[in-house]
2 protein chains.
Amino acid sequence: MTGGPVDRRDGTRLLRSPRRSGIVEVARMAGVSRQTVSNVINDRAGYNEATRKRVEKAIKALGYRPDRAARSLRSRRTMQLAYHVPLEDLDPLNHPFAVGFLQALILAADAKRYHILTFTAAPNELGPFEDLVAMRVADGFVLSNSAVDDPRAKFLAERHVPFVCMGRLAPHLPQSWVDVDNAGGVASMVDYLVKQGHTDFAYVGYGGANYWDIEREEGFRLGLHRNGISPTARSIVRVNGGDLHSSISRLLQRPARPRTVVTGSDLIASVAFGVAYMCGLAPGRDLAITGFDGTWLHNLFEPPLTTVRIPLAAIATALVVRCLEEIEDGPVERPGLIVPTEIFAGSSA
Amino acid sequence: MTGGPVDRRDGTRLLRSPRRSGIVEVARMAGVSRQTVSNVINDRAGYNEATRKRVEKAIKALGYRPDRAARSLRSRRTMQLAYHVPLEDLDPLNHPFAVGFLQALILAADAKRYHILTFTAAPNELGPFEDLVAMRVADGFVLSNSAVDDPRAKFLAERHVPFVCMGRLAPHLPQSWVDVDNAGGVASMVDYLVKQGHTDFAYVGYGGANYWDIEREEGFRLGLHRNGISPTARSIVRVNGGDLHSSISRLLQRPARPRTVVTGSDLIASVAFGVAYMCGLAPGRDLAITGFDGTWLHNLFEPPLTTVRIPLAAIATALVVRCLEEIEDGPVERPGLIVPTEIFAGSSA
DNA sequence: TTGAAAGCGCTAACAG
DNA sequence: CTGTTAGCGCTTTCAA
């Protein structure tokens with residue numbers, strides 16, 4: 001038998017460094033107590049500069065990283081944020097946005113040494129939320145695609161679980177959200193187009209109940225109004241996933257077709273491109289087309305799409321910062337944050 | 001002062017159930033030792049049916065879920081898989097695929113009560129991998145977009161960290177990968193088209209060094225060959241992100257333009273659609289076009305795209321199963337798994 | 001400024 | 001089949 005207190009043959013392969021070096025080994029190497037090592041790691045006070053140097057040298061030499069589980073158990077912090085990934089087929093039109101958002105979120109969290117844990121749930125299914133909360137898998141939640149009166153937000157608020165939301169929430173819910181200035185974005189696009197000399201506008205947006213679709217359409221009206229242009233009833237076309245192609249076709253085949261089409265998403269714009277070509281109109285020359293989102297999609301456009309860009313990095317950073325504040329300090333009484341958009345100037349308009 | 005052993009005022013809000021009910025409370029309620037409760041939870045042997053019933057009743061009554069950190073610390077299992085999300089702008093053409101894959105992965109992991117933790121790293125940057133391994137944040141890794149000789153795979157293999165890979169790996173690396181039958185997929189598409197009466201083929205694929213692009217092109221040749229058709233040198237067009245539009249334009253404006261265009265991705269197909277319209281050709285009528293991937297993108301096509309569908313759910317499930325086996329049993333000596341594709345019949349061809 | 005003691009909530013190992 | 005004992009690796013608390 002070996003001399004150790006317990007003879008543990010470690011048959012199964014676990015996730016471990018080549019040579020395990022606990023905090024004690026670091027302490028021994030640096031000639032301090034393990035407490036001091038802990039203090040240095042969590043940069044708390046309680047040691048002098050020389051000590052810190054020695055400890056850090058030992059940490060580097062041993063390649064030491066504190067064990068996450070042990071740390072979490074003691075400190076009650078998992079250093080993880082749970083992100084509810086919207087269900088695949090529920091809103092495929094949001095996909096171009098989804099990848100960029102996740103990426104931005106991961107990077108924003110990383111800057112605060114946090115990780116993003118992803119999960120899904122069927123619509124109105126709160127079980128997965130329950131589980132994560134009860135098992136304490138994450139310190140807080142990130143929601144996107146939120147309804148104004150979101151059941152997930154309601155649930156988390158009731159449970160006093162820290163969370164943030166990409167998308168505004170009704171006043172009776174915590175105002176821990178960050179959102180895009182949808183109306184302002186479209187309105188500023190109209191401004192931009194008017195400056196280019198455009199006067200003959202139409203708008204194509206989703207006709208769903210999502211507040212952002214309503215706001216973008218509102219932004220179109222606002223933009224026209226403040227430029228002294230009055231929209232005709234027929235200049236606003238509401239589409240949904242299914243009739244995208246045919247609706248836009250009809251619009252462009254009107255006897256008096258518009259010369260400038262502002263749309264509520266890059267995806268709609270992409271379909272408009274196709275229809276334009278189909279009608280023998282070259283986007284950017286015979287017909288101006290603009291989008292909304294500014295995701296990777298515009299790599300596909302020919303000519304490059306002029307669009308309203310959603311500043312994902314700024315949004316993700318704001319979300320993470322707010323979430324960590326909620327985690328640290330409890331409910332933060334503060335209004336939601338509305339982030340302005342930018343115009344991405346392509347040559348489609 | 002309170003009567004408890006320690007007077008802990010809990011000022012900061014943590015992620016916790018409304019009423020915390022440890023395993024001891026469940027044990028007391030069920031009238032058993034806490035070990036028995038643990039056994040029931042982890043469905044190990046060591047109790048009779050009646051006991052189990054009582055314990056489960058108590059668990060439900062108290063809404064008890066074992067604390068993840070405590071569990072991980074003791075059992076050395078985090079119940080998490082780390083998924084390396086490819087960097088945003090590195091390969092935007094892969095995005096349509098990315099969302100669906102992540103979703104499939106989350107669901108596959110969930111079926112095994114595992115969670116997916118996402119992270120990114122700059123190209124050839126292994127630091128984030130180091131960190132996750134050393135802190136034991138996950139039990140294993142999932143990689144996608146792998147190169148055949150992937151440095152990430154090499155690193156993890158050297159460290160004896162369990163991992164799986166979406167995409168084949170060179171023989172000197174662990175064969176813990178799952179991949180699509182790229183060649184077979186395109187070849188079967190050619191079969192399908194020949195059955196429809198097509199004879200006049202061209203192929204448009206990425207000209208990059210990715211093996212899957214090479215394989216898809218190879219599949220095209222194979223498909224033609226086994227149908228007794230010989231490809232002309234000019235019938236295969238290699239494109240890259242930038243010249244997509246112009247290359248396809250040139251192809252379709254040849255004096256003897258092909259009547260059937262097989263492509264290496266839905267994205268290429270989408271551009272081909274645009275160009276076809278631009279040339280006054282209706283896809284599905286004047287020109288057959290097919291894709292590869294079968295993601296949500298085909299929601300956009302008019303008419304619906306005929307494409308080679310990658311079975312994401314099957315792939316994700318296979319990946320998770322293999323990864324858990326590696327975690328449980330150590331390195332599994334077993335060849336990589338190649339998953340067959342399916343034809344999604346739209347009306348573009 | 002540092003060190004020692006205690007214990008986070010659970011599961012592994014072994015004794016009844 | 002059940003209960004007891006130990007301790008995962010770290011941070012918190014408190015005493016020196």
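Letters A, B, ... are given to chains in the order of the sequence lines, protein chains preceding strands, and every chain is numbered from 1. Worth knowing before you read on, the calculation uses all heavy atoms, side chains too, and leaves out hydrogens, waters and symmetry mates.
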Task: d(CZ, B/R28; P, D/dT2) in whole Å - done: 20 Å
TODO: Check the distance between D/dT2's C1' and B/E49's CD and give it to me in whole angstrom.
DONE: 16 Å
Open item on the list: On DNA chain D, does the nearest nucleotide to A/N42 precede the nearest nucleotide to B/N48 from the 5' side, or the other way round? Give the residue.
Closed with: B/N48
Open item on the list: Taking the nucleotide of DNA chain D with the nearest heavy atom to each, does A/R71 or B/S33 sit closer to the 5' end?
Closed with: B/S33
Quick one: label [X] by what it contacts on the DNA or RNA (base, sugar-phosphate, nothing), any heavy atom closer than 4.0 Å.
{"X": "B/R44", "result": "sugar-phosphate"}
{"X": "B/T51", "result": "sugar-phosphate"}
{"X": "B/N39", "result": "nothing"}

Which nucleotide wins on minimum distance to the side chain of [X], given the candidates [options]?
{"X": "A/L73", "options": "D/dG3, D/dG9, D/dT13", "result": "D/dG9"}
{"X": "A/R74", "options": "D/dT11, C/dG3, C/dG9", "result": "D/dT11"}
{"X": "B/R76", "options": "C/dG9, D/dT2, D/dC8", "result": "D/dC8"}
{"X": "A/Q35", "options": "C/dG3, D/dG9, C/dT11", "result": "C/dG3"}

Open item on the list: Below the 4.0 Å mark, does D/dG3 have OP1 or OP2 next to a side-chain nitrogen or oxygen of B/T36?
Closed with: yes
Open item on the list: It should be established whether A/S38 places a side-chain nitrogen or oxygen under 4.0 Å from OP1 or OP2 of nucleotide D/dT11.
Closed with: yes
Open item on the list: Test of understanding: with side chain to side chain contact (heavy atoms under 4.5 Å, CB included), list the residues that count as partners of B/N48, not counting sequence neighbours.
Closed with: B/A50, B/T51
- [ ] State plainly whether the residues B/R68 and A/D131 are in salt-bridge range, i.e. N to O under 4.0 Å.
- [x] no
Task: A/L337 side chain reached by A/D179 side chain, heavy atoms, under 4.5 Å - done: no
Table please: side-chain donor-acceptor pairs of residues 26-33 of chain A below 3.5 Å, with sequence neighbours left out.
unit_1: A/S33; atom_1: OG; unit_2: A/Q35; atom_2: N; d: 3.2
unit_1: A/S33; atom_1: OG; unit_2: A/T36; atom_2: N; d: 3.4
unit_1: A/S33; atom_1: OG; unit_2: A/T36; atom_2: OG1; d: 3.4

